[in-house]
Structures are given as C-alpha cells and as structure tokens.
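Notes for the one structure printed next.
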Number of protein chains: 2
Amino acid sequence: MLNRNVYKAIAHPIRRDILKRLRAGPKTAGELAGEYDISKPSLSSHFSILKEADLIFARREGNHIYYNLNLTVANEVLAALMDMFGIEKET
Amino acid sequence: MLNRNVYKAIAHPIRRDILKRLRAGPKTAGELAGEYDISKPSLSSHFSILKEADLIFARREGNHIYYNLNLTVANEVLAALMDMFGIEKET
DNA sequence: AATCTAATTAGCTTATTCCCTAAATAGAGT
DNA sequence: ACTCTATTTAGGGAATAAGCTAATTAGATT
C-alpha cells in the first residue's frame, strides 16, 4: 500500500527534481549534489525523505551510493491521484 | 501553467479527502465540515489552500458557499507527475 | 592501520504548517 | 435596522520542515 509520506515527499521542488533526474537512470548522491545550490547534508536529508516514502532506493557500489527511482511506487502515486480526482487512465 | 502550491495542497490528508469528495459534485463548506473532526476555521484554511492552488473554486449561492473541483488543474497535476516519473498516459 | 573520499548523522536555528478560540463579514429573512 | 446562519479573518501556540556547520561512519586505497 501507498505510504502516506509520498505526498510530503513530492511537495518539495528539489525532491521533485531529483525524481525527474532519476528517470534517466541511477545517479550517485554526489552527482546530484552538483545540481543544487544546497549543502550535501541538506541534500542527504532530501534523499532520506524520498527513501522513507519508498520513491527511491539506494544501492552502494564501492564508496558511491547510487539512487534509483522506484517505478512501482511512482505508478502507485499516479493511480492514487487518478482515483482521488476520479480521472481514468486512458485518454 | 501549474501552480507550484498544488503539491503542498495535496500533501495534507484532509485536503486530499476534500478533493475526493468533491469528485461527486459541489459541496458547501458546512457539508464538508461535518465530515471532519476539526474546527470550521481550520477547515476554512484548508479550503483557501486548495483555492490558492486552483484545485477548487468557490461559488456563493445564498448564504452557502459551494466548492467545486477544478478538473482542469487536476488533469494538469496528473500530467506533471507523469512527466516527472516518465510514465505514459495509456496502459 | 592510517588516510582519503563519499555520504550520513547530530545538533542547532529559522521558517512554515496546522490547529485552536474569538471576532468579523456576508447575505437572507424578519 | 436587527438577527440568524454560514463562513472567513485575526491572532497565537505547538509541531514539523528545511536549512546550516561540525562531526561521524563506511568503504577503498596506500
């Protein structure tokens, strides 16, 4: 079932941007850090909020941590919103 | 274009529930107030957050105020999320 | 085992959110 | 004009969110 925190998770513009970038494939925390004018600890906190919402998951490789988009949950969010608005999937 | 506040607006469970109930048609503030264990001023504040996000709009009739779901914006939210996640509309 | 790099956790401050009660406003009916 | 009902605005307090710097952890490398 859909974690209630997903809505809070997508409420922040940086977190939405992270999700958008992860569409294209896994990225390390460091790679993403380069994209934002924010301290690494603050960004790390955004990662953990996204993780807690199950929107992303982490995989360590050497001393890098790769973040991946969780498409299953992404789809669940969309389904929940479509249900909320009473909008059907197909055009 | 999509108001940035929509994400904050849908981040609260009561506001999501309001949207869901408005799917079925317009409701007055009073009708909705009956559904939640929250003061009327607090609920009124939720309405104004939803209004500010353009997710609902109000129409006065006598001394009732009817709230309506703005389906246009609802669709825009879905489109924005599908874009964010890189998910296509049709199955 | 010392060190380097990558990333997180701890601790703190400021801003925002969310709720409340009391007071004000808008319109309808008397 | 007064009053009743519906709803919002004002003001304030507690909880949560979001940022920072400094310190720590985890693993790789020498």
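When reading the values below, keep in mind they use all heavy atoms of this one structure, side chains included, and skip hydrogens, waters and symmetry mates. In what follows, every chain begins at residue 1, and chains take the letters A, B, ... in the order their sequences are listed.
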Separation of [X] atom [atom1] from [N] atom [atom2], in whole Å?
X       : N      : atom1 : atom2 : value
B:Arg15 : C:dT17 : CZ    : C1'   : 8 Å
A:Leu50 : D:dA18 : CG    : C1'   : 14 Å
A:Glu52 : D:dA18 : CD    : C1'   : 15 Å
A:His46 : D:dA17 : NE2   : P     : 12 Å
B:Ile49 : D:dT9  : CD1   : C1'   : 14 Å
A:Tyr7  : C:dC18 : OH    : P     : 15 Å
B:Arg16 : C:dC18 : CZ    : P     : 11 Å

- Query: How about A:Glu31: does its CD atom have over 12 heavy atoms from other parts shown lying under 6.0 Å from it?
  - Reply: yes
- Message: Does atom CD (B:Glu35) have a neighbourhood of more than 12 heavy atoms from anything else shown, all under 6.0 Å?
- Response: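 Atom CD in B:Glu35 is crowded, with more than 12 foreign heavy atoms closer than 6.0 Å.
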- Does A:Gly62 or A:Ile38 map to a spot on DNA chain D nearer the 5' end, using the closest nucleotide for each?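 Checking each residue's closest nucleotide, the 5'-ward one belongs to A:Ile38.
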- Name the residue closer to the 5' end of DNA chain D, choosing between A:Asp37 and A:Glu61 according to the nucleotide with the nearest heavy atom. A:Asp37
- Message: For a quick test of reading the model: is some side-chain N or O of A:Ser39 closer than 4.0 Å to OP1 or OP2 of D:dC20?
- Response: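 Affirmative; the distance criterion is met.
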- Item | Contact under 4.0 Å: A:His12 side-chain N or O vs D:dG19 OP1/OP2 | yes
- Note on the structure: Looking only at heavy atoms, the pair that brings A:Ser42 and A:Ser39 closest together is OG-OG, 2.9 Å
- Query: Which pair of non-hydrogen atoms, one from B:Ile65 and one from B:Ala58, has the smallest distance, and what is that distance?
  - Reply: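 Closest pair (atom of B:Ile65, atom of B:Ala58, distance): CG2-CB, 3.8 Å.
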- Item | Side-chain ion pair, A:Asp83 and B:Arg23, N-O less than 4.0 Å | yes
- Query: Is there side-chain contact between B:Val6 and B:Glu76, with at least one heavy-atom pair below 4.5 Å?
  - Reply: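 They are not in side-chain contact.
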- Which one of A:Asn68, A:Leu19, A:Asn70 satisfies the side-chain contact (heavy atoms from CB on, under 4.5 Å) criterion with A:Ile56? A:Leu19
Kindly give the atom pairs (protein nitrogen or oxygen, nucleotide nitrogen or oxygen) under 3.5 Å for nucleotides 7-9 of chain C.
residue	atom	partner	partner atom	Å
C:dA7	OP1	A:Ala29	N	3.3
C:dA7	OP1	A:Gly30	N	3.4
C:dA7	OP1	A:Ile65	N	3.4
C:dA7	OP2	A:Gly30	N	2.7
C:dT8	OP1	A:Tyr67	OH	2.2
C:dT8	OP2	A:Ser44	OG	2.7
C:dT8	O5'	A:Ser44	OG	3.0

